[in-house]
Each structure stands twice: as C-alpha cells, then as structure tokens.
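Keep in mind that the numbers below use all heavy atoms, side chains included, and drop hydrogens, waters and symmetry copies. A, B, ... follow the sequence lines: proteins, then strands. Residue 1 opens every chain.
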Amino acid sequence: MRPPSPSIPEREFALSALQQSMRIDGRTLLEIRPINLTFGPALGCVECELGKTRVLAFIDSKMIKPPEERPLEGIISIHSEISPMASSAYETGRPSDEEVAITRMLEKVLRRSDAVDRESLCIVAGQRVWHLRLTLHFLADAGNMLDCACLAAVAALRHFRRPEVEVVGEDVITYDPSERPPIPLAMHHTPYVLTFALFPFASTPAPQQTKLSSTHVPTPQLANSSITAVLDPSPLEASLLPSSSPSLLSLALTPQRELCVVNKAGGVPVSPEEFLWLVKVAEERVREVEACLEGGLLKAKAEAEGIGSL
Amino acid sequence: MTSTTTLPGEIVPAQHPNLKLGPGLLQSISGTSDSATIVSTRAGELQHSANRSKWWIESNARRYVPAAQESVIGQISGRAGEGYRVDIGGAHNASLDGLAFEGATKRNRPNLKVNSLVYARVSLAHKDMEPELECFDAQTRKAEGFGELKGGFVVKCSLGMSRRLLDPNHFLLPLLGSRFPLECAVGMNGRIWVDTKSAQNTIIVARCIEAADPDGGGLDEADVNKLLNGIQS
C-alpha cells in the first residue's frame with residue numbers, strides 16, 4: 001500500500017512553515033534528529049535510531065576462497081532489503097525506488113569508496129580471504145532511512161572484530177576470542193551520509209527571540225540564496241518534493257573533510273556557492289555524528305571489558 | 001469506577017438487565033440470551049459505569065477501527081460517482097455521499113478537491129461493509145462543526161490520546177488555550193486538526209500533543225507546562 005500523499009492543509013502549512021524557517025518537529029532547518037546507537041551483544045551488531053527511524057546492522061564473517069580475478073582482496077557484501085516491518089509502504093519481493101536508491105548509495109559509500117581495507121582481509125593469497133556480510137534490517141521508517149542505514153553500517157564496521165588467525169605453513173589456525181583477542185577491521189576512512197531536501201524558494205531566517213528547538217545549533221547563513229535546504233527530512237517534508245524528481249542531495253563525507261560521494265538525482269538546480277555552503281554545513285554536522293559514534297564505541301568497549309574482567 | 005486489566009478471550013463478569021457493551025467486548029455466541037457470557041476481544045483496562053450497565057475496555061492503539069457515531073478526520077482520496085472516497089486511517093476507505101452535507105441539494109453541493117480534509121461522523125460501521133460518513137448532525141441536519149477543514153495542520157497521535165483530548169477534564173487543550181487562541185477538531189481516528197494565528201503556535205500545539213501522548217512522551221500537566229515555558233521563552 002502506498003502511503004497517502006499529504007492533505008492540502010498539511011502540505012500548505014509545512015511549506016509556509018519552511019518558508020519561515022520552521023519545522024513541524026521543532027528542529028532548525030539544518031539540524032538532525034537525535035541519534036541513539038545501541039551496540040548489541042555480538043560484535044558488529046548495532047542498532048541505530050535516528051529520531052524514530054530505526055535500522056539494525058549486523059556483520060558476520062567467514063573464510064572463503066577468493067575469486068580468481070581478485071586473489072588478494074577480501075569480500076564485503078551488503079544485504080539491504082526493506083521489509084514491510086519498516087512501514088506498510090514496502091512490499092517484499094518488489095524493491096521500491098527508495099530501496100534501490102538506498103542499496104546503490106550504500107554500495108557507493110561503503111564499497112566503492114574503499115572505506116574498509118580489503119587487502120587486509122586476505123589471509124593466504126588466492127587461497128583464503130575473509131568474507132564480510134553486512135545485513136541491514138530496517139525496523140521502522142520515520143523518514144531519511146538512508147542516513148540511518150549508513151550510520152548503522154559504519155558503526156557496525158567499527159564495532160566488528162574478526163577472529164585472529166595465524167598461517168603456519170599450509171594451515172590456517174583460527175583462534176578463539178578467549179585465546180587471543182579478536183582484531184578490528186582496518187578502515188581507510190569512516191564516511192557518514194547526510195541528506196538534504198532542497199526546496200526552490202528562499203526562506204526568511206528564523207525569529208531569534210523564540211526557540212522552538214531545545215538544542216539550538218548556530219548555523220552559518222548564506223546570503224542571497226534562492227533555495228532552502230532542509231537537513232534530515234521527515235516523511236512529510238520529503239513528500240513535499242515532486243515525486244518525479246525529488247531534489248534530495250546526499251553527501252557522504254568524513255570528519256577529516258574528505259568528500260566521498262555526492263548524490264543528487266535531478267530536482268532544483270544548485271549554484272556552486274550554495275553547494276559549497278551545503279558541504280560546509282555537512283562538515284559541521286558530521287563532526288557531531290562522529291562524536292556520537294565515538295562516544296558510543298568507547299562506552300561499548302568499556303562495557304565489554306567490564307564483562308570480560310569478571 | 002474500578003478497573004482491572006483483561007486480555008483477549010477472558011470472560012468478563014458483566015451482568016445487568018439492560019447491559020450495554022462498548023469497544024472491546026463481545027457477547028459470546030454460545031450463550032443464550034439470559035445467561036450470555038461476555039468475552040473481551042482486546043487487551044486493556046476493563047471499565048464500567050457507576051450503575052454497572054455500561055462496560056467497555058480502555059486501551060490504546062494506533063490502528064483505527066471505525067465505529068458508528070464517532071467523529072473522524074478524513075482525507076478525500078478520490079471521487080466515486082455522486083460522492084467521495086475518504087481515507088480515515090482504517091483498513092478500508094470510507095464513502096461520503098455528496099449530499100451528506102448541511103443544505104446540500106442535487107444542484108447545490110460542496111465541491112471537494114482530492115487531498116482536502118473533512119471532519120465527519122461515521123454513520124455506518126459494519127464489519128462486512130465499507131464505512132459511511134456524514135457531514136451533519138443526524139437529528140438537526142445542521143453542520144454542527146462538520147464539513148471541510150481549511151487551513152491549519154493535522155497532528156497524528158494515538159487513538160487513546162484523541163479520546164483523552166475529547167474529555168473536557170483533560171488539561172492539555174485548556175492549558176494551550178490559556179496561552180493563545182486556537183481552533184481544534186479532534187478525530188477519534190487519531191488525527192487532530194489545529195489552526196492558530198501563527199505557524200509557530202500551530203507547531204507548539206503539535207509538539208505538545210505529541211509530548212502528552214501516552215504512546216509517545218506521556219508528559220503530565222507540569223511537564224507540558226515546563227515544555228511550553230521552554231519553547232515560548
């Protein structure tokens with residue numbers, strides 16, 4: 001069942017509120033919803049909540065024989081199927097446009113940008129490599145599942161530990177986690193995805209004396225911009241965009257100011273100044289997201305060590 | 001009033017010569033009329049009126065099941081001959097006759113666009129039939145507030161929250177009304193239409209309803225007051 005399009009009053013109100021730089025959920029235009037990461041009992045099992053959107057990422061590893069053409073590299077496969085569990089808008093067996101978009105973007109962000117060092121996943125050249133299988137379970141869709149899925153996936157990759165192995169002659173010895181501590185994945189960089197919804201009108205700056213948001217984030221303003229960018233769009237905000245060519249801009253970038261992927265499929269034209277400004281805004285937000293992930297990882301590590309020492 | 005928690009399938013000790021069953025209760029088919037057993041069909045709190053003649057189960061849900069005489073907020077999803085198809089959040093679309101408005105005649109009847117909102121009363125709700133809506137009071141045939149909703153915004157909440165907002169003793173709407181003027185229509189299908197003078201106030205109402213929703217934040221009066229002070233300062 002397709003979700004019904006918003007009613008005329010809802011659409012008009014949401015658009016007029018955006019023109020006054022206000023959002024229904026009280027955020028500022030360039031604010032993301034609160035992130036909550038839960039590191040599961042297993043290594044590489046992370047549940048990411050972005051507002052009410054929830055995605056569970058799980059990684060498991062096994063040893064396989066590498067394909068002939070790439071004998072020195074491990075394999076990472078991503079499985080992301082959106083089931084009707086997320087929302088009644090999705091059906092099994094028939095991928096929606098959104099699902100295709102999310103799968104392609106995940107592929108680009110995690111595999112094609114070489115986030116994980118695949119050569120370090122090689123055990124014996126041409127004989128044994130690690131195969132990492134990343135499965136994403138979309139638990140609840142409350143808008144912007146792409147950002148949530150990417151964050152869950154990155155968090156899972158950072159949380160995951162593979163067993164220590166040793167090559168003795170022809171044999172490969174796998175050590176139990178109790179014998180030798182498992183080792184984290186070698187990662188080149190940790191990309192985070194941020195999605196903007198772009199509206200073809202200029203918005204007046206938010207009134208300063210009132211703050212609808214509890215955490216007021218100061219954002220640099222761009223003068224004379226003819227577009228309004230909205231970070232982390234809610235389902236209502238996303239449905240205001242024309243469905244034929246939704247003007248969504250997804251940026252994948254690292255806290256070290258590396259831009260990995262830019263994805264914008266049609267929609268409102270963006271001038272170079274506006275684009276650079278959006279990247280700058282995303283840079284700032286990415287640092288917040290990173291702080292959240294690093295804090296969560298440290299806490300998860302401390303907890304795991306606490307259990308281990310008992 | 002007392003309340004006990006019941007689960008679906010439990011036998012409810014409801015006995016009264018003039019027994020009236022509310023939502024969540026069913027007369028079991030096996031029983032005869034004088035010794036009929038009442039079975040609950042929902043999990044929730046069993047409640048009854050002071051003279052034990054009316055019984056119902058109070059529970060919270062998000063999925064609306066139409067019941068006759070409930071006022072709902074629907075979204076026109078299409079035209080069907082003389083009338084309209086209306087999405088009221090239930091399993092099926094409801095039908096709204098083009099003549100089911102105050103003063104509507106064959107020649108003069110409202111012209112509603114697709115995706116506009118109506119406040120209507122469920123006039124027919126049967127498990128084997130499509131629900132039907134009417135936009136006037138059954139006795140007076142006057143609009144009594146029903147009809148198309150123009151402007152404003154729709155807040156979605158749990159069914160329990162919309163029932164609470166209809167309770168005149170509930171704190172939220174009087175509290176908001178003491179701060180700024182607002183117009184509000186509560187649909188029993190978990191949709192609440194609000195309109196105020198400024199977009200900011202409408203957003204405040206929307207956020208307060210979400211915060212007070214037992215299925216969401218579940219804040220009480222003092223906490224909502226605190227939230228309001230924080231927002232409006």
Note to self: Using a 3.5 Å distance criterion without hydrogens, assess whether the side chain of A:Glu10 forms a donor-acceptor pair with backbone atoms of B:Val155.
What the structure shows: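 Judged by distance alone, no pair lies under 3.5 Å.
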Margin query: Please enumerate all residues that pass salt bridge (charged side-chain N to carboxylate O under 4.0 Å, His left out) together with B:Lys226, with sequence neighbours excluded.
Written below: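 Only B:Asp223 meet the salt bridge (charged side-chain N to carboxylate O under 4.0 Å, His left out) criterion with B:Lys226.
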Note to self: Rounded at 0.5 Å granularity, tell me how far OG in A:Ser7 sits from CG in B:Asn115.
What the structure shows: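 Separation between the atoms: 7.0 Å.
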Next item on the list: Could you check if a side-chain atom of A:Ile24 sits within less than 4.5 angstrom of a side-chain atom of B:Phe153, using non-hydrogen atoms only?
Entry: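 In contact.
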Check: Do A:Ile8 and B:Lys113 touch side chain to side chain, with heavy atoms closer than 4.5 Å?
Finding: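 Heavy-atom side-chain distance check passes, below 4.5 Å.
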Next item on the list: Return the option, out of A:Pro9, A:Ser16, A:Pro6, with the maximum number of heavy-atom pairs under 4.5 Å with chain B.
Entry: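 Max contact count across the listed options: A:Pro9.
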Do other residues, nucleotides or ligands put more than 12 heavy atoms under 6.0 Å from [X] [atom1]?
X        : atom1 : result
A:Asp97  : CG    : no
B:Arg179 : CZ    : yes
A:His79  : NE2   : yes
B:Gln139 : CD    : no

Check: Name the one of B:Ile203, B:Asp195, B:Val154 that satisfies side-chain contact (heavy atoms from CB on, under 4.5 Å) with A:Phe13?
Finding: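 Answer after filtering B:Ile203, B:Asp195, B:Val154: B:Ile203.
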Notebook entry, point to check: With sequence neighbours left out, what residues match A:Phe196 under ring pair (Phe, Tyr, Trp, His ring centres under 6.0 Å)?
Noted result: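 A:Phe196 satisfies ring pair (Phe, Tyr, Trp, His ring centres under 6.0 Å) with no other residue.
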Note to self: What part of B:Ser77 gets within 4.5 angstrom of chain A, counting heavy atoms only: side chain, backbone, both, or neither?
What the structure shows: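 B:Ser77 has no heavy atom closer than 4.5 Å to chain A.
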Next item on the list: Could you look at B:Leu149 and say if it's the side chain, the backbone, both or neither that has a heavy atom under 4.5 Å from chain A?
Entry: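 Answer is backbone: N, CA, C or O of B:Leu149 sit under 4.5 Å from chain A.
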Item checked: Contacting moiety of A:Leu18, where chain B heavy atoms sit under 4.5 Å ->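 For A:Leu18, neither part sits under 4.5 Å from chain B.
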